[in-house]
Amino acid sequence: MTARMIATSDGAMSDLASRLAELGRRYDAAPLFPADSLHLLVEAGLHRRFAPVEAGGTAWCDEAARYAAVADALRFVGRADLSVGRLYEGHVNAMLLFGWLADPAQLAWLSAALDRRAWFGVWATEPAPGVRISSDGTLVGAKNFASGAGGLGYAIVTAAQDGARRRLVIVPADDRGRADLSGWRVRGMRASVSGRYELDGLPADDDTLLGGPGDYDREPRFTAGAWRFCAVQLGGIEVLLAETRAALGNAARSDPVQRARFADAVAAVRTAGFWVAEAARRAAADDSDAVPITQMTRGIVERAGLDMIEAAARLIGTRSAFDGERIDKISRDLALYLRQGGPDYARDQAALAWLDRDCWNAEDRLW
Ligand SMILES: Cc1cc2nc3c(=O)[nH]c(=O)nc-3n(C[C@H](O)[C@H](O)[C@H](O)COP(=O)(O)OP(=O)(O)OC[C@H]3O[C@@H](n4cnc5c(N)ncnc54)[C@H](O)[C@@H]3O)c2cc1C
């Protein structure tokens, strides 16, 4: 995994993973914005790696190489700590949006913000009636499920505008007076601090508007972009398998029923891995079937995660639920993080597309 990732040794990567996991344990016990974990990602070069080249990011030979590296990085961080993986995925999403939509002045501003080690998020989810741009060019409304609220440097938020499709606006995200984390009392993903953030009065002007109306919702990019959270989740599922294997006692290892259960878990996790890799590949190619393949991938990763949580409990027993056990934390994190918007709708849309054609092997690619 690490060869494509960053120019550093496997030993350094495994040390980084251990330090992130240890910090994750602390942030889980006393939920706070995980500033120390993000600092480690900056030091490892992961903060700027997927920024546009004009803002100091890496120049990739092609999109396939870039997306494969993104997938590795998301899986890697997800394996270490799913909350930090969630924050990192938001940052990577923001970097991609800047690359697609920013004008030269915004790219120069981004470069300076990254010099200051600012982290970014993307906040689309909102309580009714949603966020809008008022006639005086300021925002009205709030976001919820806003990961990193009050801790990130900036967020890219969606906002409705009269007579136009929704737009993206860059806002400061570090104003603790606007952040409300009181409702983020959750069994997992605690350090993602996905609270509420008030946006009233923040400017939506030439400097802060990113792209034009409807740019965020452009397909296949929008729906296929879900492959990224699948990659983070996959990292968590993979490490749950690894921790379960490490914790498996001799009695379970020598029992054929438990071994069959373990084999089922291996198959589920690896199958999810193949689908995530394919979804990333199709998204990189702007493939016309990237959308149904990602929609299917979401359900396959969700199923693998739920199966892995159950397998860990049945293979390890009560130990899987004890405070301080890594298996407990990953299971709690995954159980929440797997809840993403419209899962049944996504699977149904994929089924409709697949009934229409074989989306994996569209006819022109069969032979
Ligand atoms: C840890 C975490 C961090 C997050 N961070 C961010 C972030 O930074 N930015 C951001 O924009 N969002 C974020 N989100 C929100 C995320 O993108 C989803 O919007 C959210 O997880 C969906 O929550 P829900 O399952 O309660 O969905 P809801 O849409 O409220 O659905 C609730 C239930 O109703 C069902 N349901 C909904 N609609 C229908 C329907 N039409 N027909 C049948 N059943 C239906 C769903 O399947 C689900 O079971 C985050 C979520 C989590 C868990």
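Just so you know, residue 1 is the first one in the sequence shown, and it goes up from there. Counting starts at 1 for both ligands and their atoms, following the listed order. Just so it is clear, the model here is predicted, and its values are computed rather than measured.
Applying the 6.0 Å contact sphere to CG of D323 captures no more than 12 heavy atoms from other residues, nucleotides or ligands.
Within a 4.0 Å radius of atom 35 (C) of ligand 1, the protein contributes no non-hydrogen atoms. Using a 4.0 Å threshold on non-hydrogen atoms, atom 11 (O) of ligand 1 counts as touching the protein. Distance check for atom 46 (C) of ligand 1: every protein heavy atom is found at 4.0 Å or beyond. Note that atom 39 (C) of ligand 1 has no protein non-hydrogen atoms nearby, at separations under 4.0 angstrom. Within a 4.0 Å radius of atom 21 (O) of ligand 1, the protein contributes one or more non-hydrogen atoms. Under the 4.0 angstrom criterion, atom 18 (C) of ligand 1 counts as having a protein heavy-atom contact. Atom 8 (O) of ligand 1 is approached by the protein to below 4.0 angstrom, counting heavy atoms only.
For atom 2 (C) of ligand 1, the closest non-hydrogen atom of the protein is S194 OG, 4.1 Å. In terms of protein heavy-atom proximity, atom 51 (C) of ligand 1 is nearest to F145 CD2, 3.6 Å. The single protein non-hydrogen atom nearest to atom 16 (C) of ligand 1 is Q340 OE1, 3.5 Å, given as residue, atom name and distance. At the top of the distance list for atom 44 (N) of ligand 1, counting protein heavy atoms only, stands D344 OD2, 4.9 Å. Nearest non-hydrogen protein atom to atom 4 (C) of ligand 1 is S147 OG, 3.5 Å. Closest to atom 27 (O) of ligand 1 among all protein heavy atoms lies G341 CA, 4.7 Å. Scanning the protein for heavy atoms near atom 53 (C) of ligand 1, the closest one is L336 O, 3.8 Å.
The pair R259-D255 fails the salt-bridge criterion, with no side-chain N (NZ, NE, NH1 or NH2) lying under 4.0 Å from an Asp/Glu carboxylate O. A salt bridge links R117 to E43: one of the charged nitrogens lies within less than 4.0 Å of a carboxylate oxygen. The pair R339-E302 counts as a salt bridge, with a side-chain nitrogen and a carboxylate oxygen less than 4.0 angstrom apart.
Contacts between R86 and ligand 1 below 4.0 angstrom, taking non-hydrogen atoms only, involve the side chain exclusively. Counting heavy atoms closer than 4.0 Å to ligand 1, residue S83 contributes nothing at all. In A124, the parts holding a heavy atom less than 4.0 Å from any atom of ligand 1 are both the side chain and the backbone. Of the heavy atoms in V122, only backbone atoms (N, CA, C, O) come closer than 4.0 Å to ligand 1.
With respect to Y216, the side-chain contact (heavy atoms from CB on, under 4.5 Å) criterion is satisfied by exactly one of R167, R165, R166: R166.
Atom numbering of ligand 1 starts at 1 in the shown order; those under 4.0 Å from a heavy atom of P343 are 47 (O).
Residue pairs satisfying the side chain to side chain donor-acceptor pair (under 3.5 Å) criterion with at least one member in residues 12-21, sequence neighbours excluded, are absent.
Contacts of R25 classified as salt bridge (Lys or Arg N to Asp or Glu O under 4.0 Å), with partners at least two apart in sequence or in another chain: E22.
Ring pair W360/W275: centre-to-centre distance below 6.0 Å. Between F145 and W123, the ring center distance fails the sub-6.0 Å criterion. Residues F98 and F120 place their aromatic rings such that the two centres sit under 6.0 Å apart.
Of the N or O atoms in R339, one or more lie within a sub-3.5 Å distance of an N or O in ligand 1.
Side chain to side chain, R298 and Q295 fail the donor-acceptor criterion of an N or O pair below 3.5 Å.
The heavy atom nearest to atom 15 (C) of ligand 1, out of those in V186, T125, L87, is found in T125.
Taking the ring axis of W184 as reference, the NZ or CZ atom of R190 does not stay both within 45° of it and closer than 6.0 Å to the ring centre.
Ring geometry for F50 versus W60: interplanar angle under 30°, hence parallel rather than tilted (30 to 60°).
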